[in-house]
Amino acid sequence: MSNLVSPIEKVYDYTMEKIVSKQWKAGMKIMSENQLAKELDVSRISVRQALEKLVALGLLVKKQGSGTVVNEMDASSLFKSLVPILALAENDIEAILQFRVYFEPANVIMFMQNYDDSILDQLKVCYENMVANYDDPEKYHLYDYEFHNLIAKGTKNPIVVGISEILHSILKYNLKQLYEDLGPEQAKYYHQQIICAIENKDSEMASLLMKRHIEEGLNNLSK
């Protein structure tokens, strides 16, 4: 391993490799701090700091009397733990919307291949809640984000779900700016049309509507 890698990074990378490769499985007790220090020729302080980072990310958990064990995690949980929730500047919000222009239309296609009636019913209820809270910016946008997360959930792909939850959990901290820049009418119109396309089994139209929805929001934000 390169000498440019710090002792903490050395321990972190070693432990991550063991977890990702499944050599250390969920629920398994990992090596002690002393063992890791000896194995990697680093100090116990470096080991402790690296393990604390992994505990903070949710990949490891410290159990009283049992030592440090690998946490039970699915792909969605892993994504959420690896990306911090930040207050973003306007250009960062724009970057997220640019990503969503390509991400969310593809989600709709996958949704159409995998969804069941219960998810469609939840989408309808979510839309109704948006309409009912049209004049309440905070509640309106929370239901807006829930609509998109339900689309992701309907794909039944844990990676898609994880990414979607990250994006919308970040955006919800910028509700005031988004409401002022985008307004409520645009999302209300497109969500209704997307539901109609789903009910008509028209995946191409549903995906196109989602693309136009995100693009229009991006254009309004850029003005």
J.: What pair of heavy atoms forms the shortest contact from Ala187 to Met130, and how long is it?
T.: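 Looking at all heavy atoms of both residues, the shortest contact is CB-CE, 4.0 Å.
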J.: Please name the pair of heavy atoms, one in Ile109 and one in Ser203, separated by the smallest distance, quoted to 0.1 Å.
T.: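 Reported closest heavy-atom pair: CD1-O, 3.7 Å.
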J.: Is it true that Phe147 and His191 have ring centroids separated by less than 6.0 Å?
T.: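 Judged by ring-centre distance (under 6.0 Å), Phe147 and His191 do meet the cut-off.
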J.: Where is the tightest heavy-atom contact between Glu185 and Tyr140, given as atom of each residue plus distance?
T.: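 Closest heavy-atom pair between Glu185 and Tyr140: N-OH, 4.4 Å.
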J.: Would you call Lys124-Glu199 a salt bridge at under 4.0 Å N-O?
T.: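 Yes, this pair counts.
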J.: Does Asp117 CG have over 12 foreign heavy atoms under 6.0 Å away?
T.: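 No.
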J.: Decide side-chain contact (heavy atoms from CB on, under 4.5 Å) for Leu218 and Gln98; before the verdict, give the C-alpha distance in whole Å, the side-chain angles of both, and the deciding distance to 0.1 Å.
T.: CA-CA 7 Å; Leu218 179 61; Gln98 288 170 342; 3.7 Å; yes
J.: What are the two closest non-hydrogen atoms of Asn149 and Glu165, and how far apart are they?
T.: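 Heavy atoms only, the tightest pair is OD1-N, 3.7 Å.
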J.: Sequence neighbours excluded and cut-off under 3.5 Å, please list the side-chain donor-acceptor pairs for residues 47-66, or say none.
T.:
{"unit_1": "Arg48", "atom_1": "NE", "unit_2": "Glu33", "atom_2": "OE1", "d": "3.4"}
{"unit_1": "Arg48", "atom_1": "NH2", "unit_2": "Glu33", "atom_2": "OE1", "d": "3.1"}

J.: What pair of heavy atoms forms the shortest contact from Ser207 to Pro105, and how long is it?
T.: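 So the two residues come closest at OG-O, 3.0 Å.
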J.: Can you find a side-chain donor-acceptor pair between Thr155 and Asn114 that sits under 3.5 Å?
T.: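 Asn114 and Thr155 do not have a side-chain donor-acceptor pair below 3.5 Å.
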J.: Rounded to the nearest 0.5 Å, how far does NE2 of His168 lie from OH of Tyr145?
T.: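 Between Tyr145 OH and His168 NE2, I get 7.5 Å after rounding to 0.5 Å.
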J.: In Å and rounded to the nearest 0.5 Å, what is the OH to CD distance from Tyr127 to Gln192?
T.: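 Here the interatomic distance stands at 3.5 Å.
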J.: Kindly give the cluster partners of Ile8, where membership spreads through any ILVMFWY side chain lying under 4.5 Å from a current member.
T.: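 Members besides Ile8: none; it forms no cluster.
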J.: Only counting residues at least two apart or in another chain, list the ones meeting ring pair (Phe, Tyr, Trp, His ring centres under 6.0 Å) with Phe103.
T.: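 Expected list: Phe99.
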J.: Identify which one of Val161, Ile198, Ile119, Val160 satisfies the side-chain contact (heavy atoms from CB on, under 4.5 Å) criterion when paired with Ile151.
T.: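 In the set Val161, Ile198, Ile119, Val160, the residue that makes a side-chain contact (heavy atoms from CB on, under 4.5 Å) with Ile151 is Ile198.
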J.: Look only at the side chain of Lys10 and the backbone of Leu40, and say whether a donor-acceptor pair between them is shorter than 3.5 Å.
T.: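 Pair found, side chain donor or acceptor close to backbone of Leu40.
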J.: Under the salt bridge (charged side-chain N to carboxylate O under 4.0 Å, His left out) criterion, do Arg100 and Glu104 qualify, and how do the steps go?
T.: CA-CA 5 Å; Arg100 288 177 66 203; Glu104 303 227 19; 2.5 Å; yes
J.: What's the spacing between Asp144 CG and Cys126 SG if we round to 0.5 Å?
T.: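 Going from the CG atom of Asp144 to the SG atom of Cys126 covers 8.0 Å.
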J.: Can any side-chain N or O of Ser46 pair as donor or acceptor with the backbone N or O of Val42 at less than 3.5 Å?
T.: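 Pair absent, no side-chain N/O of Ser46 close to backbone of Val42.
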J.: Where do Met31 and Tyr14 come nearest, in terms of heavy atoms and distance?
T.: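 Heavy-atom minimum between the residues: SD-OH, 3.9 Å.
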J.: In Å, rounded to the nearest 0.5 Å, how long is the span from NE2 of His148 to CG of Asn107?
T.: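 It is 10.0 Å, given to the nearest 0.5 Å.
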J.: Answer yes or no: are there more than 12 heavy-atom neighbours, outside Asn200 itself, under 6.0 Å from its atom CG?
T.: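 Atom CG in Asn200 is packed in, count exceeds 12.
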J.: Do we see a donor-acceptor contact under 3.5 Å between the side chains of Ser32 and Asn34?
T.: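 Side-chain D/A pair, Ser32 to Asn34: absent.
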J.: Just by distance, no angles: are the side chains of Tyr143 and Glu128 close enough, under 3.5 Å, to form a donor-acceptor pair?
T.: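 Looking only at side-chain atoms, Glu128 and Tyr143 do not form any donor-acceptor pair under 3.5 Å.
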J.: Can you tell me how far the CZ atom of Arg212 sits from the CD1 atom of Ile194, to the nearest 0.5 Å?
T.: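 Those atoms lie 11.5 Å apart.
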J.: With rounding to the nearest 0.5 Å, note down the distance linking OG in Ser164 to CG in Leu150.
T.: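 So the gap between those two atoms works out to 9.0 Å.
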